[in-house]
Amino acid sequence: MTFSLLFLLLVHPVHETFSEIEWNPKTKRLEVALRLDVLDEQWIKRQSSNVEPKRNWQLNYLKNKFRVTNPAERGQPATSIYHWVGRQEKGAHAWWYFEIEPADGNMPQWIQQRMLEKRESDYTHRIMVLAGSAKRSINLSTRKNKARLDQAKDDARNKATDS
């Protein structure tokens, strides 16, 4: 019985994304490296199959789910412009590289991550905020999907590793 429970805990999928974000004051863009499971990426692509243009399905999804500014009101200009940089596959994960350029040119004050909320209700989105040599982290979920960037916790005290 104990072995069965341990086995189920070990094979239970972890529903998470991991992002590293850094403000670039020269380009006035938030640079993002986002890691997600390849199966989650495939699910997003299937959900985005009806969106035009199909070649930009990642950015179209991110514009609604990974935000640092409020969405534009109907008939108003965009509050942010998203720039696709590229994609890289490493094992069971895909890395998406993109930039968010706030229309006002100011560094974002908050972040909202709502990716994959329709796939599973228990996703965790860990966001590492990079600022020079300092690192701070934010954990978001379906219950709490938005946080101020200045409320990120100092990650120097957290010795967790990605192994």
Side-chain angles (χ1 to χ4, degrees), residues 12-45 47-48 51 56-72 78-163:
H12 183 271
V14 176
H15 303 294
E16 70 177 359
T17 65
F18 173 79
S19 304
E20 292 181 347
I21 64 172
E22 186 170 22
W23 177 251
N24 185 328
K26 291 179 184 174
T27 62
K28 300 198 181 297
R29 294 180 182 183
L30 186 70
E31 299 170 347
V32 182
L34 168 74
R35 184 190 72 198
L36 67 157
D37 190 280
V38 171
L39 295 176
D40 291 335
E41 179 187 49
Q42 292 170 357
W43 181 87
I44 293 169
K45 187 174 184 177
Q47 302 304 305
S48 303
V51 177
N56 291 329
W57 63 270
Q58 295 103 328
L59 283 182
N60 287 329
Y61 185 80
L62 291 166
K63 287 176 187 178
N64 294 312
K65 304 295 184 179
F66 197 108
R67 302 204 52 84
V68 295
T69 61
N70 290 320
T79 58
S80 289
I81 300 168
Y82 286 67
H83 304 273
W84 184 252
V85 176
R87 178 193 179 278
Q88 183 178 27
E89 197 166 319
K90 288 187 178 180
H93 294 104
W95 282 89
W96 290 4
Y97 303 100
F98 60 98
E99 297 173 340
I100 305 173
E101 180 181 0
D104 64 8
N106 294 323
M107 187 171 92
Q109 300 300 307
W110 54 266
I111 191 163
Q112 183 177 42
Q113 229 281 33
R114 295 180 28 238
M115 291 181 66
L116 301 158
E117 64 186 9
K118 292 185 179 178
R119 179 164 165 80
E120 292 286 339
S121 62
D122 61 348
Y123 268 87
T124 298
H125 305 288
R126 182 174 169 140
I127 301 164
M128 186 71 62
V129 182
L130 307 176
S133 61
K135 294 181 182 177
R136 299 176 123 17
S137 65
I138 300 171
N139 289 318
L140 299 177
S141 65
T142 305
R143 282 183 235 129
K144 182 188 174 214
N145 64 27
K146 186 175 179 179
R148 291 186 51 84
L149 291 173
D150 61 3
Q151 293 176 341
K153 296 176 187 160
D154 185 353
D155 203 45
R157 290 174 277 163
N158 182 359
K159 300 294 182 190
T161 60
D162 189 21
S163 55

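Closest of all the heavy-atom pairs between P102 and P108 is CG-CG, 4.2 Å. Pairing each heavy atom of K63 with each of Y82, the nearest pair is CG-CD1, 3.5 Å.
When the salt bridge (charged side-chain N to carboxylate O under 4.0 Å, His left out) test is applied to E31, no partner is found at least two apart in sequence or on another chain. Partners of S19 by side chain to side chain donor-acceptor pair (under 3.5 Å), not counting sequence neighbours: none found. Scored by the side chain to side chain donor-acceptor pair (under 3.5 Å) test, Q109 finds no partners at all (sequence neighbours excluded). The salt bridge (charged side-chain N to carboxylate O under 4.0 Å, His left out) search around E99 returns R29, not counting sequence neighbours. The side-chain contact (heavy atoms from CB on, under 4.5 Å) search around K90 returns Q88, W95, not counting sequence neighbours. Applying the ring-ring contact (aromatic ring centres under 6.0 Å, His included) test to F98 and every residue at least two apart in sequence or in another chain returns F66. In this structure, Q42 has no side chain to side chain donor-acceptor pair (under 3.5 Å) partners at least two apart in sequence or on a different chain. For L130, the side-chain contact (heavy atoms from CB on, under 4.5 Å) partners at least two apart in sequence or on another chain are E20, E22, M128, K135. For W84, the ring-ring contact (aromatic ring centres under 6.0 Å, His included) partners two or more places apart in sequence, or in a different chain, are W96. For the side-chain contact (heavy atoms from CB on, under 4.5 Å) test, residues two or more places apart in sequence or in another chain that qualify with K146 are N70, W110, Q112.
Note that NZ of K28 and CG of L30 are 13.5 Å apart. Values are rounded to the nearest 0.5 Å. Atom NZ of K65 and atom CG of N60 lie 12.5 Å apart (nearest 0.5 Å). With values rounded to the nearest 0.5 angstrom, E41 atom CD is found 11.5 Å from H93 atom NE2. Distance check, rounded to the nearest 0.5 Å: CD1 of I100 to CH2 of W23 gives 10.0 Å. Interatomic distance, I138 CD1 to R148 CZ, rounded to the nearest 0.5 Å: 10.5 Å. Rounded to the nearest 0.5 angstrom, H125 NE2 and N145 CG are separated by 8.0 Å.
Under the 4.5 Å side-chain criterion, counting only non-hydrogen atoms from C-beta, D104 is not in contact with T69. Here the side chains of E16 and R126 are not in contact, with every heavy-atom distance at 4.5 Å or above. Between W57 and I44, some side-chain heavy-atom pair lies under the 4.5 Å cut-off.
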Go through it in stages, so that I can follow the logic: the residues are L34 and Q113, the test is side chain to side chain contact (heavy atoms under 4.5 Å, CB included), and I'd like the CA-CA distance, side-chain angles, deciding distance and then a yes or no.
CA-CA 11 Å; L34 168 74; Q113 229 281 33; 4.1 Å; yes
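Judged purely by atom type and a 3.5 angstrom limit, N24 uses its side chain to pair as donor or acceptor with the backbone of T27.
When the options V68, I111, I127, I21 are evaluated for a side-chain contact (heavy atoms from CB on, under 4.5 Å) with V32, the one that passes is I21.
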